[in-house]
Amino acid sequence: MLNSFSNLIFKTLNPLSSAARSANVRCMSRYGPQFIDPVVDPQEQKKIRETGDLQTYLFRPIKSAPGNYTCSHYFDPEVAKFTNILMSGGRKALCRELMDKTFEQIKRNQIERFNKAETDEERNAIIFDPLIIFHKAIENTKPIMKLLKIKRGGQTYQVPYPITENEKRFRAIKWLIEAGNDKPNPIHFPQRMAIEFIDAANNKGSAVKRKTELHRQCEANRAYAHYRWA
Amino acid sequence: MIVKLLRAPRLLSKCVVRNFSAVEPVVNLNERKVFAKRAETNDPATHSENDIGKFYTVSIEDNKKLFSFYEFPAQFERNIKTFNESAFMIREPALEIINSLKTLDPTKPILKFVIYGRFGEGKTMTFCHICHFAHRAGWILCYVPTSTIWMRWSKEVTFSETKPESINIPLESAQWLRNFKIQNADLISKLDLRVRDKIVWSAREITEKDAPLMELVDHGINRVKYAADVVDVLIENIKLYSTEQRCRTLVAIDGFNGFFNPKSNLKAPDKTPVPPLRVTIMQSLMKLTQADWSNGAAVLTVDTKNSYPDNREFVFPLYLLHKEGFEHLDPFIPVYVPALNPKEVNNLLDYYEEKKWLLKPQAREEIEFLSTRNPYHLTELCGPL
C-alpha cells in the first residue's frame, strides 16, 4: 500500500500517467519516458527510506541530478532558480553572493525589529528564517492570470489568459528583482532586496502592487475573454 | 576566497556534503533553547584558564570610550548593532599576554608583544581584549588602530617646522589626540600628571611648566597646526612619567608592519613621495616602541593587509616587519593566534543560536568544515542560514 506522500510522488513521476508524459518528456530528451526525476533533498530521501517507499524506486532508471543541485544545507531549489534569473553575463558567483547577503540582511532586519519590539505579541509575530520569508514572498507575488494582445477587427484587445505554474513563478521572481533594482543610489541591492522580501511576505511592497494591478486589469477586461477562442 | 570555491557545488565533491546532511534530524527551533557559556564576571582581569572559550560582555560605556573613534573589524561592528551587545570570546593568546602584564616588573625595559596569525582568526579581537583589560586596570592607553588608514589619503599634508624633511598630517594627529583624550582624560586628571617643561609654540601661545597634561592635549586639538608637535611632547612626557613609576602605559598599535612599508599614497607639498617613517606622528609613535623606558608594555599586531601587495605571502613577523622593523623591535615576544579549537567553535555556534543568528542547527558540522574553524569565515557562513 502506498501512503499519501508516495502517492503524490508516484502521480507526478509515474511515466505511465498521461499528464506527466505530455508535460515532462520532450521529444528530443536524453531520457526516455521510463526515467523518473531524482530526489535530491536529504530530508525527503530519509522520509522515503523510513516509510518503505524505497521499493518503488529500486528498479527504475533515474535521471541524473542537475549540475547545480547539492545536498548542502545552503541549497534550496527555489533559491537556485531565483539566482539563475537574477544572473546576467554568467556571473553566478556574484549572484550567489548577493543572495547570501540578502538573506543575511533579512535576518539582521528581523533581529533588530525583535530587539526593538515592546510587547510579546509583536515578538511572537516575527519570522526570523529568511527562507520562509523568501518562499512566502514568492507565493504572495505570483499572479493567477496574464494579459495578451490579440488583434480582432483592426483593434488590439488586452485579453486575460490563465498561466502555468512555471510562468507564475517566473513573473513573481522578475517583479521582485525589478523592485530590488529600483533603488536610490547609496543603498545596495541586498539591503533593498531584503526590505522587498519582508514587505512581500506581509503582502505589501511594489512587487505585490504590480500583481494586484494586473489582477485589476484582468478583471476589467473580462469581457474580452472570449477572444481566446473566437 | 577559499570558502567561495568550496561553496561552488561542482568543485565540492557531493559525497563529502552528503556525509553531513543525509541523516540529520529536523530540529524544532521553538523547543530547542541553547545558551552560550559565559564567564562569571565581566572584568577581564579576573578570568583564568577555565574561562577559555567562554564569552564576556563589554559594557556600553567602555565600548563607547575605547572603540568609538576607530572601530572593530567591520563584521564585528555590524554584529554589535544587530545583537545589541558586544561580547568578546576569551582566548588563550589574550589571557597569556594579560597574565604577563599583571606580573610586570616596573624597573625593567618595556615588554613587547607581537601578535601574528592568519586573516580572520582573531588578531584584532585579541588586541581589543587586551586594551580593554589595560583600560580597566588603570593603564594609560596609546591606542592606534590601523595606522595605514592615515597613509592612504590625507586632506592636509604640510612640511614640519620643527623637524627638517619630515611632513605633518595635522588633521589625523588632532584626531588621535581627541581619541587619546576620550580614553585617558579621567585617569590622567586622577594621577595629576603635569607638563614637565615650558613650551613656546609662538609669540602668543605658550604652555607653562606644571600645566595639566590635558591642557596640552586640548591645545593640540584646538590649534590643529601644532597637533603633530603636541603628540611628540605628550609621548615624551608619558614615557618619563612611566619610568618614574607614576603611571603605567600600554602602547597598542594594530598593523605595526605598515610603518615599514617602502612607500605610501601620501605626496608631500613638493610632490615627492612620502614613506610612512617620514611622517612626524609615525616617528613619535616609533619612540614609544623603543626599549629606553620602563613600567610599560607594547602590544603590536602584524597583518598582511597592512603590507604592500607584493609582501603578503606569509604571516610571520620577520617577513612582514622586514629587517628594519625586526631590528627596531628586537627583543620581542611573538604570540601566535591560531584558529578556533572545536570547543570554541561549539560555543561560538551556541552563541549565534542564542542570538537567533544561526537558524539551522543541523548545519553546524557543515559550517565548521567549510570555515576551517576560522571565526571570520564562520560568521560569514552563518549569514544565509
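None of the values given here were measured: they were computed from a predicted structure. All chains are named by letter (A, B, ...) in the order of the sequence lines, taking the proteins before the strands, and each is independently numbered beginning at 1.
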Proximity of residues 177-197 of chain A to chain B, residues having a non-hydrogen atom under 4.5 angstrom: none

Distance-only donor-acceptor pairs under 3.5 Å for side chains of residues 117-126 of chain A, two or more places apart:
from, atom 1, to, atom 2, distance (Å)
Thr119(A), OG1, Glu122(A), N, 3.4
Thr119(A), OG1, Glu122(A), OE2, 3.4
Asp120(A), OD1, Arg123(A), NH1, 2.8
Arg123(A), NH2, Ala117(A), O, 3.1
Arg123(A), NH2, Glu118(A), O, 3.4
Asn124(A), ND2, Asp120(A), O, 3.3

Student check: side-chain heavy atoms of Pro130(A) and Leu359(B) closer than 4.5 Å: yes

Set of residues satisfying ring pair (Phe, Tyr, Trp, His ring centres under 6.0 Å) with respect to Phe133(B), sequence neighbours excluded: none

Atom group of Lys355(B) that falls short of 4.5 Å from chain A, counting heavy atoms: backbone

Pairing residues for Phe170(A) by the ring pair (Phe, Tyr, Trp, His ring centres under 6.0 Å) criterion, not counting sequence neighbours: none

Atom NZ of Lys209(A): over 12 foreign heavy atoms under 6.0 Å: no

Which atoms of Leu131(A) approach chain B - backbone, side chain, both or neither, heavy atom under 4.5 Å: side chain

Distance (rounded to the nearest 0.5 Å) between Asp129(A) CG and Lys356(B) NZ: 12.5 Å

Inter-residue atom distance Lys101(A).NZ - Glu380(B).CD, 0.5 Å rounding: 7.5 Å

The single option from Arg108(A), Glu104(A), Gln110(A) passing side chain to side chain contact (heavy atoms under 4.5 Å, CB included) against Thr82(B): Arg108(A)

Arg38(B) CZ: over 12 foreign heavy atoms closer than 6.0 Å: yes

Any Met99(A) side-chain heavy atom under 4.5 Å of Pro384(B) side chain: no

Side-chain donor/acceptor of Glu366(B) to backbone N/O of Ser72(A), under 3.5 Å: no

Side-chain heavy-atom pair Tyr74(A), Leu381(B) within 4.5 angstrom cut-off: yes

Between Asn115(A), Asp41(A), Asn109(A), the one whose heavy-atom pairs under 4.5 Å with chain B are most numerous: Asn115(A)

Whether over 12 other heavy atoms sit under 6.0 Å from Glu40(B) CD: no

